[in-house]
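Indexing begins at 1, ligand by ligand and atom by atom, following the structure's order. The structure presented is a predicted model; accordingly, all values stated were derived computationally and were not measured. Numbers here are sequence positions counted from 1.
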Amino acid sequence: MPHGELPPGIERVLFTEEQIAARIREVGGEISERFAGRPCLKLIGVLKGSVFFLTELSRQIRIPVKIDFLAISSFSSKPGAPGLVRIAKDLDDPIHDEDVLLVEDIVDTGFTLRYLLRTLAGRGPNSLAVCTFLDRTSKRIVQAPVDFRCFEIPDRFVIGYGLDHHQLYRNLPYVAVLKPDSQRS
Ligand code: IMP
Ligand code: MG
């Protein structure tokens with residue numbers, strides 16, 4: 001929790017460092033129970049936003065984990081249109097026959113998640129589940145299954161704990177709402 005003043009551009013804190021840590025412990029426990037008895041769970045993080053969440057989550061999972069990352073780039077045909085997604089950096093290793101948990105920072109329209117699930121499912125994992133740090137179900141356009149989520153959020157642009165605005169704010173230890181007048185690109 002910031003003491004006193006917030007950095008410029010930030011309207012209010014949505015989830016404090018303490019709330020985030022407590023919730024990730026709970027979700028890590030749920031994941032550990034779901035995959036109890038499995039030899040290993042492969043966590044796949046989507047660069048760059050999910051890195052902060054993934055590292056903390058992995059420490060709260062009580063079965064062996066492996067970690068791999070991919071990066072995507074999304075682009076819209078026109079501003080505000082749903083993004084087209086492609087893989088900009090692929091995984092280092094195959095996921096065939098593995099239990100895979102895709103770890104996302106935020107699921108909004110669902111386009112990114114749907115694309116990633118289709119791509120990963122085609123590689124023959126033993127199982128494929130999704131854990132997202134934040135979920136904005138009110139903005140969902142395409143259905144994409146979320147198995148584990150830490151927080152549902154309102155329809156406001158948020159930053160911190162991995163989430164950025166023009167690559168800034170990822171290192172904030174809390175999640176905050178950006179002031180509308182700071183959101184212009
Ligand atoms: P979608 O689910 O395909 O619409 O896109 C999700 C992606 O949009 C996330 O991976 C983020 O990169 C970005 N995004 C959506 N909402 C926010 C937000 O409130 N703050 C920061 N990034 C966001
Ligand atoms: Mg993202």
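Nearest-residue assignment for atom 22 (N) of ligand 1 (options L163, L113, D105, L134; heavy-atom criterion): L163. Considering each of R140, R136, E104, the one bringing a non-hydrogen atom nearest atom 16 (N) of ligand 1 is R136.
In terms of polar-atom proximity, V158 is counted as a contact of ligand 1, with an N or O under 3.5 Å from an N or O of the ligand.
Taking OG1 from T109 and CZ from R114, the interatomic distance works out to 9.0 Å, rounded to the nearest 0.5 Å. A distance of 11.0 Å separates CG of L128 from CZ of R123, quoted to the nearest 0.5 Å.
Pairs of residues two or more places apart, or lying in two chains, that qualify as side chain to side chain donor-acceptor pair (under 3.5 Å) and include a residue from residues 32-44 are R38-D99, K42-E98.
Counting the atoms of ligand 1 from 1 in the order shown, those under 4.0 Å from a heavy atom of D164 are 21 (C). Close contacts between ligand 1 and F111 involve ligand atoms 3 (O) [criterion: under 4.0 Å to a heavy atom].
Relative orientation of the F157 and H165 rings is perpendicular, given thresholds of 30° and 60° on the angle between their planes.
Side chain of T55 to backbone of F52: a donor-acceptor contact under 3.5 angstrom is found. Put simply, the side chain of R170 never gets that close to the backbone of Y161: no donor and acceptor are under 3.5 Å apart.
Heavy atoms of V85 stay at 4.0 angstrom or farther from ligand 1. Residue contacts with ligand 1 include G110, since one of its heavy atoms falls under 4.0 Å from the ligand. Residue contact check for ligand 1: I106 places a non-hydrogen atom closer than 4.0 Å to it.
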